[in-house]
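Working notes, beginning with the structure itself.
Lettering of chains follows the sequences in order, A, B, ..., and the numbering in each one begins at 1.
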2 protein chains.
Amino acid sequence: MAASGTRDRIVEAADHLFYEQGFEHTSFADVAKVVGISRGNFYYHFETKDQILDAVIKKRLQEKQVMLETWAEEGETPDQRIAGYIRLLLMNREQICSNGCPLGSLFTELCKMNHPGEGGARGLFDVFRVWLKRQFEEMGRAADADDLALHLLAWSQGVATLANAYPDEAFLEKEVARMLAWLDDVKPSAEG
Amino acid sequence: MAASGTRDRIVEAADHLFYEQGFEHTSFADVAKVVGISRGNFYYHFETKDQILDAVIKKRLQEKQVMLETWAEEGETPDQRIAGYIRLLLMNREQICSNGCPLGSLFTELCKMNHPGEGGARGLFDVFRVWLKRQFEEMGRAADADDLALHLLAWSQGVATLANAYPDEAFLEKEVARMLAWLDDVKPSAEG
DNA sequence: GCATAAATAGGACGACCGTCCTAGACACAG
DNA sequence: CTGTGTCTAGGACGGTCGTCCTATTTATGC
């Protein structure tokens, strides 16, 4: 399994570099330097650059899904779980301030390239969208659960982008507080 | 001034292509094809690709500034002007659904490239930020005008990105309605 | 009409990229 | 030790890119 170890290291290095430098702006040489292997060796593990992107997206999909399902099983109330999602913005503040939203920036780039991986990047949004929708449903807002989920998704996406443009932690904290207040407003007063 | 005519056509074509395909993904050959001139002719008007980017950013800065100042002089109330900004999302719905936010997507790309033009792209945000701040001040919210401006900027930014990921006009319209309701909430009841 | 400058065309260049190929290193079964 | 399959290194190839160079065309002043 030493080979698969190298494969995983390639995917992990590519994951970080795609986030920090973008997909197109990251070359095989960049990844090779980080992993510490030769450029030509990629083609034993991947046939094209797009396959690395696919593997990176697949990895992100799985990681996020596992993270959200773990939250959902930890027995908290739906609004506490949504609050956990909102606080992700604070937990990842350094990365967000310097590189923006991992979901949004990748999607935006692939979209402009007309790259087939665009669908996979949209799938990353979907993971959060359906998870948030489920939480709002369980919170008692079944009627507009998807609407609320999209709203929160867009909101956090915009906050991440602006925090990147103005690397100001105070702004991030203010917006997180605003989101939590909004969540409290949205929560039915007599929760079931 | 025939030369400057060509120059302007280059800048305008580059402006569109940078928005639709991204800066890095747009080559000289792409722009040349649109403008209808030869590839080598660029270097009579620009010395580097970065200079074209600078010209594009400068043009966008000027256009936005003129647009906003025109609004500010049209004698409406501040909240009507802010509502006009919000409704930009609807006016440009086709472009936003297919290419996202012109400000955010350019900034995100330049940021990942560590490109010196990043500052100019941030300047585009600044134009809207200070204009919105002024409107909120005139609306009677001087204390938190900048806070409100950043909030609305982030919100609209996120909505544009999500509308790009889910090209759904209904979502755009719902969020615009939500923003207008928020604006009404923010407006002091006894406006001066 | 001629000299001068502005403007354009088109190819050459070096660099980088993704991709591919081949030879060698390594692990392990017999 | 030997043979076999896995894994790696490093260079070659073709394409594209930004950049540059040099002719040629077009416009302008005298």
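Distance, K33(A) NZ to dA9(D) C1': 17 Å, rounded to whole Å. Rounded to whole Å, the distance from CZ on F42(B) to P on dC17(D) is 12 Å. The nearest whole Å value for the distance from the CD1 atom in I52(A) to the C1' atom in dT19(C) is 12 Å. The distance from atom CD1 of I10(A) to atom C1' of dC7(D) is 11 Å, rounded to the nearest whole Å.
Partners of A29(A) under the side-chain contact (heavy atoms from CB on, under 4.5 Å) rule, at least two apart in sequence or in another chain, are S27(A), R39(A). Residues passing the side-chain contact (heavy atoms from CB on, under 4.5 Å) test with H25(A) are Q21(A), E24(B), M113(B), sequence neighbours excluded.
In this structure a side-chain-to-backbone donor-acceptor pair under 3.5 Å is missing from R141(A) to L148(A).
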Could you encode protein contacts along nucleotides 18-28 of chain D as a string, one character per nucleotide from 5' to 3', using B for base contact, S for sugar-phosphate-only contact and - for no contact, with a heavy-atom cut-off of under 4.0 Å? SBB--------

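Closest to the H45(B) side chain, of the nucleotides dT8(C), dT6(D), dG10(D), is dT8(C).
Checking W182(B), F171(B), W155(B) one by one against H151(A), the ring-ring contact (aromatic ring centres under 6.0 Å, His included) holds for a single residue, W155(B).
Between F128(A) and Y85(A), the angle of the ring planes lies from 30° to 60°, which puts this pair in the tilted group.
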Could you go through the salt bridge (charged side-chain N to carboxylate O under 4.0 Å, His left out) check for K112(B) and E109(A) one step at a time? CA-CA 10 Å; K112(B) 288 207 189 298; E109(A) 181 182 359; over 6 Å; no

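Considering only side-chain N and O atoms, T6(B) lies under 4.0 angstrom from the phosphate OP1 or OP2 of dT8(C). The side chain of Y44(A) places an N or O atom within less than 4.0 Å of a non-bridging phosphate oxygen (OP1 or OP2) of dC7(D).
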